[in-house]
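Reading through the structure tokens given below for one structure.
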Amino acid sequence: MNIDEIRLRVEELSRRFGVHAPGVVRGEPPQGVDCILRRQGKGRVIVVGPTFDALPEYARDTDLAWAVTASDRAYLRKEGVPTRVSVGLGVLVGLACAPLVFLFDSLVPVAVTALALLILVVLPVMMRRQVYAVDRRVAEVCGAESIHRALRYVQEHPPRTRGLYRLALKLQPSPERRAARLLAARP
């Protein structure tokens, strides 16, 4: 698939999702990732890697649909992680760290505890909510069968990522859990 065909597909998907089409460029996404949504200035751009073309067509379409949905910040704030949840999690971290200020004469234990709580509690909660919200929206617009096929593909061919991207994938729900949650949400 050449870059112009991918751009046309992203524009078509953006119309279906009712969002502004993010830009599309060829590039080097993180190792093990076929395409990724990145910020570029005030906008968003989908970076398509060389392995994207080797994916089956349904996996390419679903990858692009996930990226287009993730580019809709208003939807993610409303359905993914509402402001009240973000504020609530921030208050919980603050309440957990507040006693440490009085117990220790240094802010180092407070900072370490806050960082640990953010990585181990807040980020996974927020990421899961966003992943589930994106899955629901893609299933709603593109059909549940397309996302189930893509999740089976991800399960059979897990991405081989490293570093922070590997941590991010570990913090996200597994493809099996995502598929089960979609099945349970069907009316």
Side-chain angles (χ1 to χ4, degrees), residues 10 13-14 16-17 19 22 29-39 44 46-49 51-52 54-93 96 114-187:
V10 166
L13 286 167
S14 296
R16 288 176 62 189
F17 283 96
V19 300
Q31 179 184 356
V33 178
D34 303 306
C35 75
I36 190 167
L37 181 71
R38 288 203 170 137
R39 279 188 219 165
R44 303 281 176 118
I46 298 173
V47 179
V48 178
T51 58
F52 185 77
L55 293 173
E57 184 177 351
Y58 67 87
R60 287 192 306 250
D61 277 352
T62 308
D63 273 358
L64 293 175
W66 278 324
V68 167
T69 304
S71 73
D72 186 0
R73 293 183 217 155
Y75 175 77
L76 288 179
R77 271 193 306 272
K78 180 181 174 207
E79 298 294 328
V81 184
T83 304
R84 62 185 162 79
V85 172
S86 300
V87 169
L89 290 171
V91 167
L92 283 175
V93 169
L115 185 61
L117 285 172
L118 285 173
I119 291 172
L120 298 174
V121 177
V122 177
L123 279 177
V125 167
M126 293 176 80
M127 287 173 69
R128 285 174 188 269
R129 288 183 66 108
Q130 285 185 345
V131 166
Y132 290 143
V134 168
D135 284 349
R136 279 193 310 273
R137 182 76 174 131
V138 171
E140 179 183 301
V141 173
C142 298
E145 182 55 35
S146 66
I147 195 167
H148 284 290
R149 285 180 71 193
L151 288 170
R152 274 193 305 270
Y153 183 84
V154 171
Q155 185 178 350
E156 293 166 2
H157 305 91
R160 300 182 200 289
T161 57
R162 291 184 173 171
L164 291 176
Y165 287 99
R166 184 176 187 153
L167 175 64
L169 282 177
K170 293 290 184 190
L171 294 175
Q172 292 179 18
S174 67
E176 303 89 14
R177 180 173 264 166
R178 291 166 65 184
R181 188 160 173 127
L182 278 174
L183 283 174
R186 275 191 185 170

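We count residues from 1, following the sequence as given.
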*Roughly how far, to the nearest 0.5 Å, is CZ of Arg178 from CZ of Arg136?*
12.0 Å
*Can you name the closest pair of heavy atoms from Val138 and Trp66 and give their distance?*
CG2-CD1, 3.6 Å
_For Ile46 versus Leu64, what's the shortest heavy-atom pair and its separation?_
CG2-CD2, 4.3 Å
*To the nearest 0.5 Å, how far apart are NE2 in His148 and CD in Gln155?*
12.0 Å
_Shortest non-hydrogen contact between Ala179 and Leu151, atoms and distance_ = N-CD1, 3.8 Å
*What heavy-atom pair brings Tyr75 and Arg137 nearest, and what distance separates the two atoms?*
OH-CB, 3.3 Å
*So Cys142 and Leu13, side chain to side chain contact (heavy atoms under 4.5 Å, CB included) or not? Walk me through it.*
CA-CA 9 Å; Cys142 298; Leu13 286 167; 4.2 Å; yes
*Distance from Ile147 atom CD1 to Tyr58 atom OH, nearest 0.5 Å?*
13.0 Å
*To the nearest 0.5 Å, what is the distance between CZ (Arg39) and CZ (Arg44)?*
5.5 Å
*Is there side-chain contact between Asp63 and Phe52, with heavy atoms separated by less than 4.5 Å?*
yes
*Heavy-atom pair of closest approach, residues Ala67 and Leu37*: O-CD2, 3.6 Å
*asked:* Testing the basics here: between Thr62 and Ser146, what is the closest heavy-atom pair and its distance to 0.1 Å?
replied: OG1-O, 3.6 Å
*Assess whether atom CZ of Arg128 is packed by more than 12 heavy atoms of other residues, nucleotides or ligands within 6.0 Å.*
yes
*Between CG of Leu182 and OH of Tyr132, what distance do you get to the nearest 0.5 Å?*
9.5 Å
*side-chain contact (heavy atoms from CB on, under 4.5 Å) against Ser174, all qualifying residues, sequence neighbours excluded*: Glu176, Arg177
_Interatomic spacing from CZ in Arg149 to CG in Asp61 - rounded to 0.5 Å_ = 10.0 Å
